[in-house]
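Worksheet: the structure to be examined is printed underneath.
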There are 2 protein chains.
Amino acid sequence: MRIIETRRAPNPRRVRIFLAEKGIDITFEERDLMSGDLSSTDFQTKNPWQRVPCLVLDDGHAISESVAICRYFEELNPEPPLFGSGARGRADVEMWHRRVELGLFDRITQVFRHLHPRMAHLEKPQIALWGEANKSKVIDELSRLNARLQSSKFIAGDAFSIADITALVAIDFMKPAKLTVPDEFKNIVRWHADVSARPSANA
Amino acid sequence: MRIIETRRAPNPRRVRIFLAEKGIDITFEERDLMSGDLSSTDFQTKNPWQRVPCLVLDDGHAISESVAICRYFEELNPEPPLFGSGARGRADVEMWHRRVELGLFDRITQVFRHLHPRMAHLEKPQIALWGEANKSKVIDELSRLNARLQSSKFIAGDAFSIADITALVAIDFMKPAKLTVPDEFKNIVRWHADVSARPSANA
């Protein structure tokens, strides 16, 4: 099996960090999402949505969507659990992960896609007003996460989880989106230093 | 335990259909999201994100986010499985569910939030151009789902899953968003009639 990805894009990084935390080694195959590689007929057969990463199993079955790929490996290699443990633990991770994905990562992505000149040929139409509107939504979300991290080591609780992976990738993606974490969010700064120091952050 | 919800909003409906498919009975407590009930201090303690539905366990622990609530009940009552079975089956449901959520439901929601006059006090600023831009994204997504349903009984495969629940709620939410499914998407029309005929659709 192998993962088709574009190394510098944020979503494939989520999967690489996840696999590094699990200690899973896998073959990666690079495609450049900016140059139209993903609209080839061959790739569209694997993922009609034309997105990376895409896990291709040995029998050719393709699994797209970062979180679907992570969940596949969570089932095959349950330790350490990165989607939580037990009914309540798994629900908590799902809740926090969705807050981070929909409230933070998606909004940073909107800022990037609607304001960065390099995205003009992919995001049509680019709507600067929508990009700008998301900037304050990002800050609101960081404020709520900062409050959460006042009393919690990691985002979903005492254990590192996929919610931390997505939050790390999202916050690092603020740089190309020309956004910065305000210094006053001290709990986020502390948490970000912690998770960035894990070897998986370099995956 | 009980679920705090706003009955006519789409997200709580996802949870009600899920519980009906599982045959689970639970107490619902109504709050009106349009009148500011969700910004009360009491509710903010349960969910600082101020969204419904919110499951409150007997010990007071609160689980928000529709899919997190569904996952909690999937763990407690695994039959029938609505998140898939086995590593590959669960990954497939996750993949299809995300396509439906992010590609369809979220885009319909953007049309509604940015174009419906009733949302002007909740979505600030309302950006009509962004609402309009999402209309063609909705059609593109319906087109890909229509192609999928040519060869598949349900969205994620042979079995009804949470991907069908979210797609049903999303497509029914097209009405208040003043959108319609083009007649040419015959597979969607067939699938929609099938899932709407299930008793759970009335939950």
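Chain identifiers are assigned alphabetically (A, B, ...) following the order of the sequence lines, protein sequences preceding nucleic acid strands; residue numbering begins at 1 within each chain.
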>> If we define contacts as heavy-atom pairs under 4.5 Å, which of K137(A), H97(A), R99(A) has the most with chain B?
In response: R99(A)
> Okay, side chain of E5(B), backbone of V52(B): is any donor-acceptor separation there less than 3.5 Å?
Replying inline: no
>> Restricting to non-hydrogen atoms, name the atom on I17(A) and the atom on S200(A) that form the minimum distance, rounded to 0.1 Å.
In response: CG1-O, 3.4 Å
>> Any heavy-atom pair between the side chains of F112(B) and E123(B) that's under 4.5 Å?
In response: no
>> For E141(A), which atoms come within 4.5 Å of any heavy atom of chain B: side chain, backbone, both, or neither?
In response: side chain
> With a 4.5 angstrom heavy-atom cut-off, which part of E101(B) approaches chain A: side chain, backbone, both or neither?
Replying inline: side chain
> Side chain, backbone, both or neither: which part of L55(B) has a non-hydrogen atom closer than 4.5 Å to chain A?
Replying inline: neither
>> So for P125(B), is it side chain, backbone, both, or neither that comes closer than 4.5 Å to the heavy atoms of chain A?
In response: side chain
> Do any of residues 148-181 of chain B come closer than 4.5 Å to chain A, heavy atom to heavy atom, and if so which ones, in number order?
Replying inline: none
>> Could you walk me through whether N11(A) and R14(A) satisfy the side-chain hydrogen bond (donor to acceptor under 3.5 Å, both in side chains) test, starting with their C-alpha distance in whole Å, then the side-chain angles of each, then the deciding distance to 0.1 Å, before giving a yes or no?
In response: CA-CA 5 Å; N11(A) 275 307; R14(A) 295 162 79 183; 2.7 Å; yes
>> Surrounding CG of D183(B) (heavy atoms of other residues, nucleotides or ligands, distance under 6.0 Å), is the total greater than 12?
In response: no
>> If we define contacts as heavy-atom pairs under 4.5 Å, which of R88(A), M95(A), E75(A), R51(A) has the most with chain B?
In response: R88(A)
> Salt bridge check: are R144(A) and D140(A) linked by an N-O gap of less than 4.0 Å?
Replying inline: no
> So which of N134(B), I127(B), V138(B) actually passes side-chain contact (heavy atoms from CB on, under 4.5 Å) with Q110(B)?
Replying inline: N134(B)
> Is the shortest side-chain N to carboxylate O distance from E132(B) to K135(B) below 4.0 Å?
Replying inline: yes
>> Given heavy-atom pairs under 4.5 angstrom as the criterion, report whether the side chain, backbone, both or neither of I69(B) touches chain A.
In response: neither
>> Among V67(B), I63(B), L129(B), which residue has the highest count of heavy-atom pairs closer than 4.5 Å to chain A?
In response: V67(B)
>> Can you give me the closest heavy-atom contact between V15(A) and P53(A), atom names plus distance?
In response: CG2-CG, 3.8 Å
> Considering all heavy atoms of both residues, which atom of R31(A) and which atom of S40(A) are nearest to each other, and what is their separation?
Replying inline: NH1-OG, 4.3 Å
> Who among W96(B), Y72(B), W49(B) has the most heavy-atom pairs with chain A under 4.5 Å?
Replying inline: W49(B)
> With a 4.5 Å limit on heavy-atom distance, are the side chains of F28(B) and R7(B) in contact?
Replying inline: no
> With chain B, which of P48(A), A133(A), S64(A) has the greatest number of heavy-atom pairs at distances under 4.5 Å?
Replying inline: S64(A)
